[in-house]
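Report on one structure; see the data block that follows.
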Amino acid sequence: MLEIKFVRQNLSEVEKALSARGDTADLETFKTCDEKRRKNLAEIEDLRHRRNVVSDQIAGMKKTGENADVLVLEMREVSGRIKELEKSLSADEEMVSKILMGIPNIPHASVPMGADETDNPLLKQVGERPSVAFEPKPHWDLGEALGILDFERASKITGARFPLYLGQGARMERALINFMLDIHTTEHGYKETLPPFMVNRQTMTGTGQLPKFEADLFKLEGWDYFLIPTAEVPVTNIHQNEVLDEESLPVYYTAYTPCFRSEAGSYGKDTRGLIRQHQFNKVELVKFSKPETSYDELESLLDNAETILKRLELPYQVITLCTGDLGFSAAKTYDIEVWMPAQGVYREISSCSNFEDFQARRANIRFKRKGKKGTELVHTLNGSGLAVGRTFAAILENCQQADGSVVIPEALRPYMGGSEKL
RNA sequence: GGAGAGAUGGCCGAGCUGGCUGAAGGCGCUCGCCUGCUAAGCGAGUGUGUGGUGAAAGCUGCACCGAGGGUUCGAAUCCCUCUCUCUCCGCCA
């Protein structure tokens, strides 16, 4: 959420940011409701002031035994008027907040202009793509042939877009989770967390998934709870409604969780394999920082995620999302894309974003500077470190041999009981 | 699922027969004094949000005692609904 004052005073800038994103919002209604709201509020506060003063008078008169009937009668009217005005005030407030909650973050000045993903500039490419003398097979064929993935049985158990890992496959998924968590906790300074996989509406609103994107979420029937689409949601909300100490910043958390996404609107896309599932595993990195260091923190967060791919010796590239492809809450985002030889494309495996104070304002996460009055909003950041299912798929495709076997990356072998091959 | 108790400021904890209580007292923290260091002692200060005014320090209006609604001239205090926590019983990994 943007600050209401900022929107009021910078309507044209907000308008510009919206159009750069290819988004819209009813700023006209915002303006009229906000003005009306402020005018009403001023009158209400005057009346309340009068009521407070006179109520004290009444109390004093009652004490000395004077008759206060005239004042009581007058205040009865004042209270009625207040109630009336409050009614129209809350209608305007609701409208203003509804519009405000639907306005995306302002892209950072360094974010390139662009319409969609085809305009995302390449930042760098790392690692050698495997040069193979044979036609590389897609990971779903490899996985099924090796008996470590079974999509048919998964769809029997639940439906389409759910994974079933078996044997060494299940073990490698678990190995990857531990491998990633170990690196982030022991080498990068993140604190490991294991949060709830379901969250309430307020939490979902705090990080920006609600109210605009309810269709993308799985909702529990009979409960106002949602399955998390990413660990970003529960972990960022750890400090919801808190004031952090300046000395405690920056705070780094990592978490493994499964992620649940309805994938509404993606019918027909990536229908095979592990790329687009309703349930997938992810190790997430979350940071809380002071505003002045958040962009440095974004760079190191990206580096932390890249480390995993480097250790696994998987070729990847990093792109900067342009204004048109930026997520709702993000001010700036880097995507890491891993090489998938069978499709001959790079696929997103991590998304690292700085949300600045956009989520902090919604979730009310602040910090206090030593020796200074008042509090400030923190900046929040997060990134995948990494999407586990997609990492699994990338290993199968990049490390496949002519005979259909897969060589396990060296760094992962200690987590696989020393096995060298699948 | 059944029965009961509770939710107050950074923390602990009064108030809860409605009105000088934005909130006693204590702890913590900050500044000053004192003491050859430390400890103890003394004095002052110390919530958040939002609006007005001011160059600023500040002054000032309104709101906030789990959340929402109600009664009343006036509510932390009374009533209703909800959420959460704790205790006991039942059930269960």
Side-chain angles (χ1 to χ4, degrees), chain A residues 1-10 30-31 33-98 100-101 194-206 210-211 219-220 222-226 234 237-249 251 288 357-378:
Chain A
M1 187 166 61
L2 300 175
E3 190 182 10
I4 186 165
K5 205 193 296 178
F6 174 84
V7 177
R8 182 155 62 226
Q9 292 168 353
N10 300 278
F30 170 85
K31 193 163 174 251
C33 285
D34 183 49
E35 274 165 15
K36 197 160 138 246
R37 183 191 132 259
R38 278 160 50 88
K39 210 175 121 238
N40 265 340
L41 190 59
E43 190 179 346
I44 287 173
E45 290 192 352
D46 279 350
L47 289 172
R48 281 181 184 156
H49 178 56
R50 167 131 184 85
R51 186 178 67 185
N52 287 343
V53 170
V54 175
S55 285
D56 276 353
Q57 273 178 35
I58 293 173
M61 289 166 81
K62 292 229 160 160
K63 227 174 215 168
T64 60
E66 283 175 78
N67 185 310
D69 288 357
V70 179
L71 289 178
V72 168
L73 231 56
E74 190 199 330
M75 283 310 101
R76 195 171 293 172
E77 241 166 78
V78 168
S79 277
R81 174 75 181 140
I82 290 174
K83 219 160 262 183
E84 244 171 72
L85 288 168
E86 278 175 343
K87 206 170 277 175
S88 106
L89 178 77
S90 71
D92 287 324
E93 272 178 346
E94 209 169 296
M95 182 53 77
V96 164
S97 115
K98 196 179 141 199
L100 211 52
M101 290 293 246
L194 185 56
F197 301 160
M198 297 177 201
V199 299
N200 61 31
R201 183 170 291 275
Q202 188 186 339
T203 293
M204 217 43 116
T205 305
L210 289 179
K219 168 96 166 57
L220 267 76
W223 296 72
D224 206 21
Y225 292 169
F226 300 82
N237 278 284
I238 286 175
H239 294 301
Q240 178 192 112
N241 292 321
E242 287 185 20
V243 179
L244 305 175
D245 284 333
E246 180 181 17
E247 306 92 86
S248 72
L249 296 173
V251 176
F288 301 82
D357 62 14
F358 189 87
Q359 294 181 326
R361 186 171 294 108
R362 287 176 166 240
N364 189 25
I365 308 170
R366 295 168 295 159
F367 77 101
K368 192 172 167 44
R369 289 195 199 265
K370 226 175 153 52
K372 274 214 171 178
K373 270 190 115 168
T375 57
E376 286 176 54
L377 294 166
V378 301

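Labels below follow one simple rule: chain letters A, B, ... track the order of the sequence lines, proteins then strands, and each chain is numbered from 1.
Between A:E242 atom CD and B:G66 atom C1' the separation is 16 Å, expressed in whole Å. Rounded to a whole Å, the NZ atom of A:K63 is 13 Å from the C1' atom of B:G18. Between the P atom of B:A63 and the CZ atom of A:R51 lies a distance of 7 Å, rounded to the nearest Å. The CG atom of A:N364 sits 13 Å away from the P atom of B:A67 (whole-angstrom rounding). Atoms CD (A:E93) and C1' (B:C62) sit 13 Å apart, rounded to a whole Å. The distance between atom NZ of A:K62 and atom P of B:C73, rounded to the nearest whole Å, is 9 Å. To the nearest angstrom, C1' of B:C73 lies 11 Å from CZ of A:R50. Atoms CD1 (A:I4) and P (B:G51) sit 9 Å apart, rounded to a whole Å.
Residue A:N52 is in sugar-phosphate contact alone, with no base atom involved, counting any heavy-atom pair closer than 4.0 Å across all strands shown. Using a 4.0 Å heavy-atom cutoff across all strands shown, A:L71 reaches no nucleic acid atom at all.
Look at A:R48 and you won't find any side-chain N or O under 4.0 angstrom from OP1 or OP2 of B:C62. Contact check, A:S79 against B:U72: no side-chain N or O comes under 4.0 Å of OP1 or OP2. Note on A:H49: a side-chain N or O is less than 4.0 Å away from OP1 or OP2 of B:C62.
Shown here for A:T203 and A:N237, the closest heavy-atom pair between the two residues is O-ND2, 3.0 Å.
Pairing for B:G19 is with B:C73, a Watson-Crick or G-U wobble pair whose two hydrogen-bonding atom distances lie under 3.5 Å. Across the strands present, B:G9 finds no partner; the criterion is a Watson-Crick or G-U wobble pair with both atom distances under 3.5 angstrom. For B:G51, the paired nucleotide is B:U60, the pair qualifying as Watson-Crick or G-U wobble because both relevant distances are below 3.5 Å. B:A93 is unpaired under the criterion used here, namely a Watson-Crick or G-U wobble arrangement in which both key atom distances are under 3.5 Å. Shown here, B:U46 forms a base pair with B:G28; the pair counts as Watson-Crick or G-U wobble because both key distances fall under 3.5 Å. With both pairing distances under 3.5 Å, B:U35 is matched to nothing as a Watson-Crick or G-U wobble pair. For B:U81, the paired nucleotide is B:A67, the pair qualifying as Watson-Crick or G-U wobble because both relevant distances are below 3.5 Å. Under the Watson-Crick or G-U wobble criterion, with both distances below 3.5 Å, B:C88 is paired with B:G2.
As rounded to the nearest Å, B:G2 and B:G90 have C1' atoms that lie 8 Å from one another. Separation of the P atoms belonging to B:C65 and B:A76 is 7 Å when rounded to the nearest angstrom. Look at the C1' atom in both B:G68 and B:C73: the space between them is 24 Å, to the nearest Å. Using C1' as the reference atom, B:U85 and B:U71 are 29 Å apart when rounded to the nearest Å. Rounded to the nearest Å, the gap between the C1' atom of B:A23 and that of B:A14 is 10 Å. Taking atom P on both B:G15 and B:G6, the two are 12 Å apart, rounded to the nearest angstrom. As rounded to the nearest Å, B:G22 and B:U35 have P atoms that lie 41 Å from one another. Atom C1' of B:G9 sits at a distance of 6 Å from the matching atom of B:G47, rounded to the whole Å.
Between A:D46 and A:V72, the residue anchored closer to the 5' end of RNA chain B is A:D46, taking for each the nucleotide with the nearest heavy atom. The residue among A:R38 and A:K83 whose nearest nucleotide of RNA chain B is located toward the 5' end is A:R38.
The number of heavy atoms from other shown groups lying within 6.0 Å of NZ (A:K98) does not exceed 12. Atom CE of A:M101 sits in a crowded spot, with more than 12 heavy atoms from other residues, nucleotides or ligands closer than 6.0 Å.
Judged by distance alone, the side chain of A:R362 and the main-chain N or O of A:T205 form a donor-acceptor pair under 3.5 Å. Within the 3.5 Å criterion, the main-chain N or O of A:F6 finds a donor-acceptor partner in the side chain of A:N10.
One distance of note links CD1 of A:I4 with CD of A:Q9; it measures 11.0 Å at 0.5 Å rounding.
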Write out a two-atom table: protein N or O, nucleotide N or O from nucleotides 45-50 of chain B, distance below 3.5 Å.
residue	atom	partner	partner atom	Å
B:U48	O3'	A:R366	NH1	3.0
B:G49	OP1	A:T375	OG1	2.8

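Salt bridge status for A:E35 with A:R38: absent, with no side-chain N to carboxylate O gap under 4.0 Å. The pair A:D34-A:R37 counts as a salt bridge, with a side-chain nitrogen and a carboxylate oxygen less than 4.0 angstrom apart.
Within the 4.5 Å cutoff, the side chain of A:F30 has heavy atoms near those of the A:V96 side chain.
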Kindly determine whether A:K83 and A:E86 satisfy salt bridge (charged side-chain N to carboxylate O under 4.0 Å, His left out), including the steps that lead there.
CA-CA 5 Å; A:K83 219 160 262 183; A:E86 278 175 343; over 6 Å; no

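Among the nucleotides B:C62, B:G51, B:C73, the one closest to the side chain of A:I58 is B:C73.
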